[in-house]
Structures are given as structure tokens and as C-alpha cells.
Amino acid sequence: MRIDLMAGATLSAALPAQASEPVILVFDSGLGGLTVLEQVRRARPDAHYLYAADDAAFPYGRLSEPQLVARVIAVMERLLTRYAPDLVVIACNTASTVVLPALRQRFVTPFVGVVPPIKPAAALTRSRLVSLLATPGTVARAYTHDLVENFAADCAVTLVGSQNLARYAEAEMAGAPVADAAILAEIAPCFVTGADGRRTDVVCLSCTHYPLLLGRFERLAPWPVIWIDPAPAIARRVVQLLGAALAARPEPPAARAIFTGGGGLNPALGRSLERRGLTETVVEALPLAVS
Ligand code: DGL
């Protein structure tokens, strides 16, 4: 892993000046968006990728809606000016469920968001008992409640706001294992049995961090369920907007990770990033101004 402390350089200098392949920026509060990056990269392996984690403000789940909108606009202002991507994926439910209208109003760059996969959940469930596992922020959003009302009105949807799972996923990526009991305590409320014996059979992974822990969820689940990760659908949306890959490359271009804080960077995290094709790490200091 190479770590650069950027003062004022621009990545565009490091990208081919006449690149015909698009530059795609994948953005999250932390490492969760890596699960989306992976799927988008698979769909457009020819593109140039930037991954930006607003770790200085992590977790977004604790910010009020006005704080979050102001923060994401400020960070995006900086990233768009510096890197001029062709498309941005807001790989964060907590942000997408509240900031997308403001982003689209402010910037001309196309944005693709990630929101809870309620519609596919309603199509897949047989028991009509669905759970939505998300941050407390996403669970509280009017946007989420509207999705449930519009697409799963005939299901009993249990909204589970997890205080800790995003943090646990970050810890695991940085080489600090989290105990099974701690993870089970967070997912247990998703497993509901009705008076008639019906049981939850679909759980929406409505925070992009959670697929990082999917293997653990499957192992610890009290009974098997379908876990829905919206990332493949996001990748399809990106292809719809940008078109299919131009040509197969012998080797995918190196991708760069940008952190607004960088406090959690360590060798274990560097290896996790490298395994995901992020070979360069840059810290663009952007301290959180809100209290
Ligand atoms: N990965 C983010 C999401 O999809 C949020 C984690 C957080 O910052 O609270 O909701």
C-alpha cells in the first residue's frame, strides 16, 4: 500500500489525459461501499475507479439529516472539483435516502444511489415476513417508510436499526475480529416468528457495510433466510447509464482509495484494500465541522 498525504495535487494528472474509459467515483462514509465497488467493477472492468471514504465523519448513522446533507455536499464539492468523475455512486443507504435530491440539484455529474431493496424483498418473500437491517438513520428515514408502504404493503416489515454493525465491519477489515455473540446480538431482531408459526424469510442488507459480514450472518442466523444485497442492481444501473465495457483489458487499472480522515489506516486495512484492487491510498483531510 502506498500512502500519500495530498496537499493540492489532482488525480486527473495521473489518469490518461484522453481516457475513453469513464472515471467512476464510489463514495461511502467508510468501507461499506467496497461491496458496491466490487460489483460495479465486475460490470465495467475497463473503467477507472476512485473509492472515497468520508471516514472523518463516520458513522453517518449518527448525523442528523441536515448535518448529513451539508457534509456530503461539502465532501462532494471537493471530490468533484479535484477528480472530475464521469459518474458517482453514493454507495451508502444512510446518505442516499436523504441527500440525492440535493446532490442532483447542485451538481451536473450523474449520481447513482443505494436504497433499501424493499421491492425485490416483497417479490421474494413467501412468508410475507421481511426484515430490513440498516443503520438507525436509514430506518428512521421517511424515504424508507415510503418504500415499505409503496412496495411491501402486504408484508409485515420489521425495521432493525443496528447501532454497531457498520463499526464491526470496519473493525474486521482493519484486522480486529469481532465476536460471534456481538454480531448475533445485532442481527437477532431480524428473525421474527408470527403467532401462526410463519417466520421471516427475507432480510434486506440495507447498509453497504453489511455484505462484508455476510458469511458471519449466514453462519449465525437462527434459521436460513434470503439476504438481499442491492449491489448487483446498482452495477446494472451504472451500465445502463454509462453503457457496457468498451473492451476487455488484460489487467484492470489500479484503483485509488481516498480517505477524509485516515485515522484507521493500518497494514491490515491496507492488505484488505489491496485484495480489492485498491493499491494506492490517499488522505484528503476534510475534518468534520459539525458538532
Ligand atoms: N455504509 C453506510 C450505509 O449504507 C453507512 C454506515 C454509517 O456510516 O453509518 O448506510
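Read the numbers this way: they start at 1 and go in the same order the structure lists the ligands and their atoms. We use all heavy atoms of the structure for the numbers below, so side chains are in, but hydrogens, waters and symmetry mates are not.
Of the N and O atoms on the side chains of T135 and T94, at least one donor lies less than 3.5 Å from an acceptor on the other residue. Under the 3.5 Å distance criterion, with hydrogens and angles disregarded, a donor-acceptor pair is assigned to the side chains of S127 and D201.
Note on residues 83-109: pairs passing salt bridge (Lys or Arg N to Asp or Glu O under 4.0 Å), not counting sequence neighbours, are E77-R106. Pairs engaging residues 153-170 under the salt bridge (Lys or Arg N to Asp or Glu O under 4.0 Å) rule: R128-D154 [sequence neighbours left out].
Note on ring orientation: taking the six-membered ring where Trp is involved, the planes of F217 and Y210 are perpendicular (angle over 60°, cut-offs 30° and 60°).
Taking F151 as the reference, I118, K119, L147 meet the side chain to side chain contact (heavy atoms under 4.5 Å, CB included) condition, with sequence neighbours excluded.
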Check ligand 1 for N or O atoms under 3.5 Å from a protein N or O and list each pair with its distance.
| residue | atom | partner | partner atom | Å |
| --- | --- | --- | --- | --- |
| ligand 1 | 1 (N) | D28 | OD1 | 3.1 |
| ligand 1 | 1 (N) | D28 | OD2 | 3.2 |
| ligand 1 | 1 (N) | T208 | OG1 | 2.9 |
| ligand 1 | 1 (N) | H209 | ND1 | 2.7 |
| ligand 1 | 4 (O) | N93 | N | 2.8 |
| ligand 1 | 4 (O) | N93 | ND2 | 3.2 |
| ligand 1 | 4 (O) | T208 | N | 2.9 |
| ligand 1 | 4 (O) | T208 | OG1 | 3.3 |
| ligand 1 | 8 (O) | S29 | OG | 2.6 |
| ligand 1 | 8 (O) | Y60 | N | 2.6 |
| ligand 1 | 9 (O) | Y60 | N | 3.3 |
| ligand 1 | 9 (O) | G61 | N | 2.9 |
| ligand 1 | 10 (O) | N93 | N | 3.4 |
| ligand 1 | 10 (O) | T94 | N | 3.1 |
| ligand 1 | 10 (O) | T94 | OG1 | 2.5 |

